[in-house]
Amino acid sequence: MTRPSPPSGSEKTGPDAFALLHRGVQRWVWERRWTSLRPIQEQAIRPIIGGDTDVLLAAATAGGKTEAVFLPVCSVLARDAEHGESTGIQAVCLSPLKALINDQHTRLTDLCARIGIPVTAWHGDIGVIQKDRLREEPSGILLITPESLEAMFVTRGSTVARLFADLRYIVVDELHAFLGTARGAQLRSLMHRLERAAGHRAARIGLSATLADLRAAAEFLRPGEGDRVTILEDRGAGKQLLLQVRGYVADLREDAEGGACDAATGHLYQVVRTGHNMVFVNSRAEAESCAAALSEFAEQDRIPNPFTPHHGSLSAELRAHAEQRLKNRSAPATIVCTATLELGIDVGWVDTVVQLGTPPTVAGLRQRLGRSGRGSAPAKLYVYITEQSLPETPVERLRLDLVQTVAMVELLLRRWCEPPDLETPHLSTLVQQILSVLAQHGGASALRLYRELCADGAFPGVDEQTFADLLRALGAHGIVTQERSGLLLPGKVGETLLNHYSFYSAFDTVEEYTIATVDGDMGTMPISPAVDTGALLAFGGRSWQVVEVKPAERRVLVVPARGEGVPPGFAGVPVPVSDGVRQHMREVYLGTDVPRYLDEAAAILLEEGRMAFREIGLADLHVHEYDGETLLFPWRGDRVVETICHLLRWVGIKAAHAGALVTVPDVPPERLRGAVSRLVKAGPPDPVDLAGMVADKRRHKYDHYLGEELLSRSYAAQALDVPGAMRFLEQLSG
DNA sequence: GACCTGCTGCGGCGTG
């Protein structure tokens, strides 16, 4: 047998990067019959094998990132094993999804078995036998969720130092999914605590989708030293994109009778009835109703139904089944999904990606688009936007959804995406981490807590004074208690929190009913709004009748039914629209060119929106009176719009946030201008004072233990943008 | 209108 020649090197890395890999790893590559490594895989070898720098690796989904990291990591581990140097877990890979851990475990097992490195998958669905095995003989690679690692610190804190004594690498998969979130703050703290327990630094390696600001992501990966992180980016070969935004009109007013989406659905059905496709929708209810509507078309056509819904309230089994149908190439399959399938769960390439309605974020749209375009085939994306027929109000005439979509597509084409908020300290998550460290060590002094959590940068921006205030608030709520010696311990309430498994996650969820059939559980639905016996539900792509509601057991029993069901009333909070998108919307209104990717109807809608924009006079003014209300158009992100509302309430004006605009009832523009002028003259209130006026400031899991003062400070930092709001109000008054 | 993610230890019961 002739071996393929080793993959050749690029100029950047030198010809011998491949030669640095362990021969067992090289052999594995040859056996795969890879003719060459991808550029990013080759570039990653030297810095990762060196082990003395952190690395951020950015490439599109399925860009070979996993191998880019683990070929060199495994090479180092294999060499250690040969020299008999390892006595613990040497690489931890933190991943946001159990499904990703399972995927990765399968992919790594073969390579690692070849070179004798154990790989352990560890999350809530993994049995205790595998976990015990690793605890007894810690070595190799550990694939784990942040929550499971948190549990390890809490329940077996005294063993952590031994398990990770030889830690060399901390890998974070899908790093972008953590940026600017509570879970991200937890992850960062866990990385820091791992290194402290090990007694030395580990090389941190982040895997990410291509992002607008990789330096910011690097700073997240290694706080305070982001500029020393090695950044490797594979922007792809500039894959060709076939894109169409399609416009539709329908009566969307609340009392209107459907018929609306039928025209769009009819076209959609023709696009996705064959092949393998993904239809992204913006809510779980829509995933159900859209899958049902498409299925009805299939039934009329007498073809096997290729449509399956996929969202976070469906059971893991139903979701896995839907993913399997999409992966299976022998029959057409189209999945109708929410953001569940944005991350890198392996479903293979799809022919066409569809976005139904305005995309929630540009970053998400890019991720969704990345699912399409097998090999050298172009990526194909359809966006469907439905606007109000016979528009009357300014909001309807402005065609805001279509214009927002155009703005977002333009920004996508310019490679822009929403910057995550990485500056604001997450006090709710700090509460969790304080309790976790106390459990880990069996108590700690305030100084030790501060050093372990804040001083070295896992919670940048929390100064000693703030930390002391926080500890006092936690003492007042029974979260922590202090002994005479000064030693801090979990308090009564803190113990209760620690003793329940829900403690391990940094994010909060509400209690739900389980939807149960005789064949097993299908998923979950909210307890409120209440559901009655006899109701017809649309769930998992089928209709069901509720036969019994058992509130005590939190279960709803259903049986298959005929007829059209209604999706459960899923609750949710809106995804905020960022500043960049709203500012660009204004540019789109002011522009005159009609993008070629708009179909005829969408082009007409854009023209109508621009005409309304001019007629209302929004090119120069940001204020308009309609039907007894004064409307403000800041063209700024939701955070600024919300702050404008708070500032107006501050001076006694009732203002409401309605999407892109602020509505002020019963105050004519002139009076509003007068009030705004006085506010501008007097100067803005302190953001913390302004936050103090807000009724419900709780946004995160442990916010209600912060106390009023810290909660206001936290809210002011996270939810308000007073300078941004003042800039608009100054414009308005001047 | 309105996403997503995660989870331990132990007691009780049935079976071989």
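Proteins come first, then strands; the chains are lettered A, B, ... in the order of their sequence lines, and each starts at number 1.
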- Task: Calculate the interatomic distance between A:Gln367 atom CD and B:dC3 atom P; express it in whole Å.
- Result: 19 Å
- Item | Sugar-phosphate only, base, or nothing, as touched by A:Ala177 at under 4.0 Å among non-hydrogen atoms | nothing
- Note on the structure: Per-nt protein contacts along nucleotides 7-16 of chain B (heavy atom under 4.0 Å; B base, S backbone sugar-phosphate only, - none) come out as BBS-------
- Message: If I take atom CD in residue A:Glu174 and atom P in nucleotide B:dT5, what distance separates them, rounded to the nearest angstrom?
- Response: 13 Å
- Can you tell me the distance, in whole Å, between the CZ atom of A:Phe280 and the P atom of B:dC4? 12 Å
- Query: Could you state the CD-C1' distance from A:Gln355 to B:dG1, rounded to the nearest angstrom?
  - Reply: 14 Å
- Just by modelled atom types, is the A:Ile527 backbone N or O under 3.5 Å from a matching donor or acceptor in the A:Glu511 side chain? no
- Item | Sugar-phosphate only, base, or nothing, as touched by A:Pro360 at under 4.0 Å among non-hydrogen atoms | nothing
- Item | Phosphate OP1/OP2 of B:dT5 contacted by A:Arg319 side-chain N/O (<4.0 Å) | yes
- Message: Does A:His311 form a ring pair (Phe, Tyr, Trp, His ring centres under 6.0 Å) with A:Phe570? I'd like the steps, not just the answer.
- Response: CA-CA 11 Å; A:His311 55 77; A:Phe570 296 112; 5.6 Å; yes
- Message: In whole Å, I'd like the distance from the CE atom of A:Met152 to the P atom of B:dG6.
- Response: 17 Å
- For A:Glu286, answer base if it contacts any base atom (sugar-phosphate contacts may also be present), sugar-phosphate if it contacts only those atoms, and nothing otherwise; contact means non-hydrogen atoms under 4.0 Å. sugar-phosphate
- Query: Over how many whole Å does the gap from A:His700 atom NE2 to B:dG6 atom C1' extend?
  - Reply: 17 Å
- Message: Other residues, nucleotides and ligands only: do more than 12 of their heavy atoms fall within 6.0 Å of CD on A:Gln130?
- Response: yes
- Item | A:Thr338 and A:Arg284: side chain donor to acceptor below 3.5 Å | no
- Query: Between A:Leu356 (CG) and B:dA2 (C1'), how many Å, whole number?
  - Reply: 15 Å
- Query: Just checking, is any N or O donor in the side chain of A:Glu174 or A:Ser95 under 3.5 Å from an acceptor N or O on the other one?
  - Reply: no
- Query: Residues in ring-ring contact (aromatic ring centres under 6.0 Å, His included) with A:Phe178, at least two apart?
  - Reply: none
- With distance as the sole criterion, is a donor-acceptor pair present between the side chains of A:Gln404 and A:Arg582 under 3.5 Å? no
- Query: Just how far, in rounded Å, is P of B:dG1 from CG of A:Asn282?
  - Reply: 13 Å
- Is A:Arg284 near enough to B:dC4 that one of its side-chain N or O atoms lies under 4.0 angstrom from OP1 or OP2? yes
- Note on the structure: From the candidates B:dC4, B:dT5, B:dA2, the one with an atom nearest any side-chain atom of A:Thr338 is B:dC4
- Could you pick out which residue, A:Phe570 or A:Lys701, lies toward the 5' side of DNA chain B when each is mapped onto its nearest nucleotide? A:Phe570
